[in-house]
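We number each residue from 1, following the sequence as shown. Here the structure is a predicted model, which is why all the values come from computation and not from measurement.
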Amino acid sequence: MRSGDFPSRRLLLKAALAASGVAVAANQAGRVFAQSAVPTPACRDADDPTEEQIEGPYFKPRSPLRTDLVVAGSRGKIVMLEGQVLTRSCRPVPGTLLDLWHADEKGDYDNSGFKYRAHLISDASGRYRFRTILPGPYPGRTRHYHLKVQAPLKPILTTQLYFPGERENDYDSFFSEELLVRFEDGASGATARFDFVLDIA
């Protein structure tokens with residue numbers, strides 16, 4: 001990683017402080033997770049870690065800590081991006097830092113500010129949820145989200161998530177079926193579900 005790249009020491013400290021209660025709860029409830037955590041349908045024992053992908057040219061470090069990325073006046077379809085962070089044995093990973101960035105509904109990235117850029121900390125069950133929009137495609141790429149995912153004191157997973165049924169999936173050289181979200185469209189918006197499996201036993 002280049003100097004100044006995600007995550008900065010200050011950001012990691014902030015994440016550690018924000019997750020301190022989660023970490024304490026996780027230490028106290030470790031046996032409960034090990035015995036009673038129910039794997040989601042996307043995770044199997046000894047599952048492969050989530051596929052890594054390129055960072056791309058539009059990453060910016062030090063995104064704001066928030067769960068709602070929707071910009072006032074946006075005409076983009078509202079999407080709840082949610083799921084769990086799990087180990088290879090399908091155990092939850094609390095206190096994980098997830099950094100999300102993506103294009104707006106027109107396919108443009110905000111490179112001067114932090115529109116459609118944010119990070120959060122997974123909860124005691126390893127769950128995360130962002131409220132955002134469906135990004136627009138741009139020449140050469142299909143619709144996608146970028147994410148960096150880092151469990152406490154573990155390496156960073158950099159990857160991208162894709163949407164089923166997109167015509168551009170057939171022409172995007174980075175597209176991977178392993179990184180398709182489970183997409184459900186509804187009258188009030190849509191849900192995109194993806195569970196990250198980290199390379200942790």
Q: Could I get the full list of side chain to side chain donor-acceptor pair (under 3.5 Å) partners for Asp104, not counting sequence neighbours?
A: none
Q) Quick one: CG on Leu97 to CD1 on Ile156, what's the gap to the nearest 0.5 Å? A) 8.5 Å
Q | Sequence-distant partners of Glu178, side-chain contact (heavy atoms from CB on, under 4.5 Å), two or more places apart | A | Glu51, Ser176
**Q.** Heavy-atom donor-acceptor pair, Glu168 side chain to Asp172 backbone, under 3.5 Å
**A.** no
Q. Are Phe196 and Ile54 grouped together when hydrophobic residues (ILVMFWY) are joined by side-chain heavy atoms under 4.5 angstrom apart?
A. yes
Q) Got a donor-acceptor contact below 3.5 angstrom from the Ser125 side chain to the Arg127 backbone? A) no
Q.
Could you check whether any side-chain N or O of Thr159 sits under 3.5 Å from a backbone N or O of Glu52, counting only pairs where one atom can act as donor and the other as acceptor?
A. no
Q) Distance-only, no hydrogens or angles: does the Arg193 side chain make a donor-acceptor pair with backbone N or O of Arg182 under 3.5 Å? A) no
Q) Is the backbone of Asp195 close enough, under 3.5 Å, to the side chain of Gln84 for a donor and an acceptor to pair up by distance? A) no
Q: Quick one: do Leu198 and Val149 satisfy side chain to side chain contact (heavy atoms under 4.5 Å, CB included)? Show the steps, please.
A: CA-CA 9 Å; Leu198 301 183; Val149 183; 4.0 Å; yes
Q) Is the count of non-hydrogen atoms from other residues, nucleotides or ligands lying under 6.0 Å from Lys115 atom NZ greater than 12? A) no
Q. Would Thr191 and Phe183 satisfy side chain to side chain contact (heavy atoms under 4.5 Å, CB included), going step by step from the backbone distance to the final call?
A. CA-CA 6 Å; Thr191 300; Phe183 194 76; over 6 Å; no
Q. Donor-acceptor pair, Asp99 side chain versus Leu147 backbone, under 3.5 Å?
A. no
Q) Looking at residues at least two apart in the chain, or sitting in another chain, which of them share a side chain to side chain donor-acceptor pair (under 3.5 Å) with Thr142? A) Asn169
Q: Working to the nearest 0.5 Å, report the span between CZ of Arg143 and CD of Gln160.
A: 15.0 Å
Q.
Let me confirm one number: the CD-NZ distance from Glu105 to Lys77, rounded to the nearest 0.5 Å.
A. 12.5 Å
Q. Quick one: do Val79 and Val71 end up in the same hydrophobic cluster if we chain Ile, Leu, Val, Met, Phe, Trp and Tyr together by side-chain heavy atoms under 4.5 Å apart?
A. yes
Q. Do Leu161 and Val70 belong together in a cluster built from hydrophobic side chains that touch within less than 4.5 Å?
A. yes
Q: Tell me, yes or no, whether the heavy-atom count around Phe114 atom CZ, taken from other residues, nucleotides or ligands under 6.0 Å, exceeds 12.
A: yes
Q | Qualifying residue, where the test is side-chain contact (heavy atoms from CB on, under 4.5 Å) with Ile133 and the options are Leu69, Leu81, Ile78 | A | Ile78
Q: Check each of Phe130, Phe59, Tyr109, Tyr145 against His102 using the ring-ring contact (aromatic ring centres under 6.0 Å, His included) test, and report the only one that passes.
A: Tyr145
(Q) Show, in sequence, the C-alpha distance, side-chain angles and deciding distance for Tyr162 and Val181, and conclude whether the side chain to side chain contact (heavy atoms under 4.5 Å, CB included) test is met. (A) CA-CA 6 Å; Tyr162 300 97; Val181 300; over 6 Å; no
Q | Co-membership, hydrophobic cluster, residues Tyr128 and Ile200, 4.5 Å side-chain | A | yes
Q. Taking side chain as C-beta onward, heavy atoms only, is Phe175 less than 4.5 Å from Leu180?
A. yes
Q: Nearest 0.5 Å please: distance from the OH atom of Tyr138 over to the NE2 atom of His144.
A: 4.0 Å
Q: Please tell me if the side chains of Tyr58 and Arg117 come closer than 4.5 Å, counting only heavy atoms from C-beta onward.
A: yes
Q | Heavy-atom side-chain proximity of Leu98 to Thr96 below 4.5 angstrom | A | yes
Q | Sidechain-backbone polar pair: Thr50 side chain, Val197 backbone, donor-acceptor under 3.5 Å | A | yes
Q: Could you tell me whether the side chains of Ser63 and Tyr116 share a donor-acceptor contact shorter than 3.5 Å?
A: no
